[in-house]
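Being a predicted model, the structure only gives us computed values, none of them experimental. These values consider heavy atoms only, across backbone and side chains, with no hydrogens, waters or symmetry-generated copies.
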Amino acid sequence: QVQLVESGGGLVQPGGSLRLSCVASVSMFSINTMGWYRQAPGKERELVATITSSGSSNYADSVKGRFTISRDNAKNTVYLQMNSLKPEDTAVYYCNADGRHIRSLRYLEVWGQGTLVTVSS
C-alpha cells in the first residue's frame with residue numbers, strides 16, 4: 001500500500017518561489033525513485049525532476065538552474081524548490097514514486113493527486 005500526498009501549490013507572481021512537498025505513506029513497499037511531473041491544460045504530462053534513493057537527480061531542460069529536487073529518506077518525503085518561476089510553469093504538479101512490493105517483488109508506480117501551481121501577475 002502506497003499513498004502520496006502533495007502540498008505547497010498555489011498562486012505566485014512571475015519570478016517568485018514555491019516549495020512543493022510530497023509525503024509517501026507506505027506499507028509493504030520499498031521506494032526507489034521519487035519525482036515530480038507536471039501537466040498543463042491541453043498538454044501531455046511531462047517530467048520535471050527525479051531523484052533516486054542514493055541522491056542522484058535528473059531534471060528537465062526547461063527547469064535546470066531554477067528548480068531543485070531533494071529527498072528525506074527517513075521521512076519518505078520529496079521536495080521541489082521552484083525559483084524564478086515563469087508563467088509557462090503553470091500546471092498541476094504530480095508526485096511520483098516507484099519501487100517494489102516487499103512480498104510479491106512486483107514493480108509498482110504510484111501517483112499523488114496533484115497540486116496546482118499558478119504563475120501569474
Side-chain angles (χ1 to χ4, degrees):
Q1 178 69 36
V2 184
Q3 290 184 332
L4 305 178
V5 180
E6 304 100 330
S7 63
L11 176 64
V12 64
Q13 293 184 334
S17 298
L18 283 175
R19 189 186 192 221
L20 305 183
S21 299
C22 173
V23 180
S25 299
V26 303
S27 63
M28 306 299 293
F29 187 77
S30 180
I31 296 175
N32 182 16
T33 302
M34 301 187 75
W36 292 94
Y37 294 72
R38 66 186 182 186
Q39 187 167 21
K43 296 184 178 180
E44 296 182 354
R45 187 177 299 184
E46 64 176 353
L47 170 73
V48 177
T50 61
I51 185 167
T52 67
S53 59
S54 62
S56 180
S57 60
N58 180 52
Y59 296 91
D61 288 341
S62 60
V63 306
K64 286 182 179 178
R66 299 189 298 121
F67 291 10
T68 302
I69 189 169
S70 60
R71 180 171 177 170
D72 186 336
N73 290 335
K75 297 180 179 179
N76 278 335
T77 301
V78 64
Y79 306 94
L80 185 68
Q81 179 66 47
M82 304 185 293
N83 299 324
S84 301
L85 283 162
K86 304 174 181 179
E88 50 263 45
D89 295 318
T90 296
V92 176
Y93 284 71
Y94 296 92
C95 182
N96 170 271
D98 66 36
R100 298 281 178 178
H101 191 276
I102 292 176
R103 288 183 176 177
S104 69
L105 301 182
R106 68 186 176 93
Y107 173 79
L108 186 65
E109 188 173 28
V110 182
W111 295 89
Q113 83 288 346
T115 185
L116 177 63
V117 172
T118 302
V119 184
S120 176
S121 60

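- The backbone N or O of Ala91 sits nowhere less than 3.5 Å from a side-chain atom of Gln39 that would complete a donor-acceptor pair.
- Within the 4.5 Å cutoff, no side-chain heavy atoms of Asn32 are placed close to those of Arg100.
- Taking the six-membered ring where tryptophan is involved, the planes of Trp111 and Tyr94 are perpendicular, since the angle between them exceeds 60° and thus also 30°.
- Tyr79 has its side chain out of reach of Thr68: every pair of non-hydrogen atoms, C-beta onward, lies at least 4.5 Å apart.
- In terms of modelled atom types and a separation under 3.5 Å, the side chain of Asp98 and the main chain of Thr33 share a donor-acceptor contact.
- From Met34, atom CE reaches atom CD1 of Ile51 across 9.5 Å, with rounding to the nearest 0.5 Å.
- We find the CG-NZ distance between Asn58 and Lys64 to be 7.0 Å, quoted to the nearest 0.5 Å.
- Residues that satisfy the salt bridge (charged side-chain N to carboxylate O under 4.0 Å, His left out) test with Lys43, not counting sequence neighbours, are absent from this structure.
- For residues 55-121, every residue pair satisfying the disulfide bond (SG atoms under 2.5 Å apart) rule, not counting sequence neighbours, is listed here: Cys22-Cys95.
- Under the ring pair (Phe, Tyr, Trp, His ring centres under 6.0 Å) criterion, Phe29 pairs with no residue, sequence neighbours left out.
- A side-chain donor-acceptor contact under 3.5 Å links Thr52 and Ser54.
- Residues Phe67 and Leu85 form a side-chain contact, since some pair of their non-hydrogen atoms from C-beta on lies under 4.5 Å apart.
- Residue pairs meeting the disulfide bond (SG atoms under 2.5 Å apart) criterion with at least one member in residues 25-84: none, sequence neighbours excluded.
- Residues Val48 and Val23 fall into different hydrophobic clusters, defined by Ile, Leu, Val, Met, Phe, Trp and Tyr side chains chained together at heavy-atom separations under 4.5 Å.
- Under a 3.5 Å cut-off, the side chain of Thr90 and the backbone N or O of Val119 do form a donor-acceptor pair.
- Under the side-chain contact (heavy atoms from CB on, under 4.5 Å) rule, Arg38 has a single partner from Val63, Leu47, Val117, which is Val63.
- The distance from the CD1 atom of Ile69 to the CH2 atom of Trp36 is 8.0 Å, given to the nearest 0.5 Å.
- Applying the salt bridge (charged side-chain N to carboxylate O under 4.0 Å, His left out) rule to Arg66 yields the partners Asp89; only residues at least two apart in sequence or on another chain are considered.
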Review item, side-chain donor-acceptor pairs of residues 7-21, under 3.5 Å, at least two apart:
from, atom 1, to, atom 2, distance (Å)
Ser17, OG, Asn83, OD1, 2.9

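- Separation of atoms OG (Ser57) and CZ (Arg71) is listed at 11.5 Å; rounding is to 0.5 Å.
- Interatomic distance, Tyr37 OH to Leu80 CG, rounded to the nearest 0.5 Å: 12.5 Å.
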